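Both ligands and their constituent atoms are indexed starting at 1 by order of listing. Not measured: the values here are computed from a predicted model.
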Amino acid sequence: MQKALFLDRDGVVNKDKDYVHRIKDFEFQEGIFDLCRMANHQGYLIFIITNQAGIARGYYSERDFILLTKWMLNDFRREGCFVSKVYYCPYHPEYGNEKYKRVSAFRKPAPGMILKAAKRFEVDLASSLLVGDQETDIEAGINAGIGKNFLLYNPEKKKQSMDSRAIGIKSLQEVVSFLALENKIES
Ligand SMILES: [Mg+2]
């Protein structure tokens with residue numbers, strides 16, 4: 001069994017600008033590559049798990065999302081980070097056409113994307129980490145049984161209250177510090 005780092009995308013990997021779907025709007029968050037290099041180095045698999053209801057809403061297509069994802073993963077590789085897989089949920093319970101309007105077990109706060117990754121990659125969720133910027137991320141992590149769930153403060157989401165089960169952080173650097181400490185204790 002392997003441990004993993006689960007990352008939300010918008011607001012964690014990249015700055016949250018609402019329904020980002022173009023390369024020119026995709027701005028990597030400060031510290032994301034440091035975090036991923038360190039996580040990889042310490043034996044964590046990395047997964048990105050992202051609700052993409054902009055697809056259901058017709059703001060952009062699944063193809064747009066995939067093209068942006070390929071570009072993003074290329075940048076991760078260039079920075080020496082290996083992301084095992086990106087899971088996304090294009091559905092929305094209220095918006096979209098026949099294909100996309102549905103209640104989905106993959107849409108956070110449901111834990112479907114995390115459980116799918118855990119099954120396929122044999123991940124020990126209790127020793128895994130999640131970083132999100134919304135309570136739905138934290139809920140998904142807790143619902144899946146992830147051991148530590150970090151809630152990154154997002155200045156764009158003004159009404160962000162703190163779930164008592166989340167570990168509140170102001171920057172990704174705090175997760176890097178957590179990993180550094182963990183490494184020290186284990187070695
Ligand atoms: Mg987010």
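- For the pair Lys3 and Tyr44, the cation-pi criterion (under 6.0 Å, within 45° of the ring axis) is fulfilled.
- Shortest distance from the Mg ion (ligand 1) to Asp10 is reached at O (N/O/S atoms only).
- Relative ring orientation between Tyr19 and Tyr59 is described as perpendicular, the plane-to-plane angle rising above 60° on a 0-90° scale split at 30° and 60°.
- Under the 3.5 Å distance criterion, with hydrogens and angles disregarded, no donor-acceptor pair is assigned to the side chains of Tyr88 and Arg9.
- Here the N, O or S atom of Asp133 that is nearest to the Mg ion (ligand 1) is OD1.
- Taking the Mg ion (ligand 1) as reference, the nearest N/O/S atom within Asp8 carries the name OD2.
- Between Phe33 and Phe76, the angle of the ring planes goes over 60°, which puts this pair in the perpendicular group of the 30/60° scheme.
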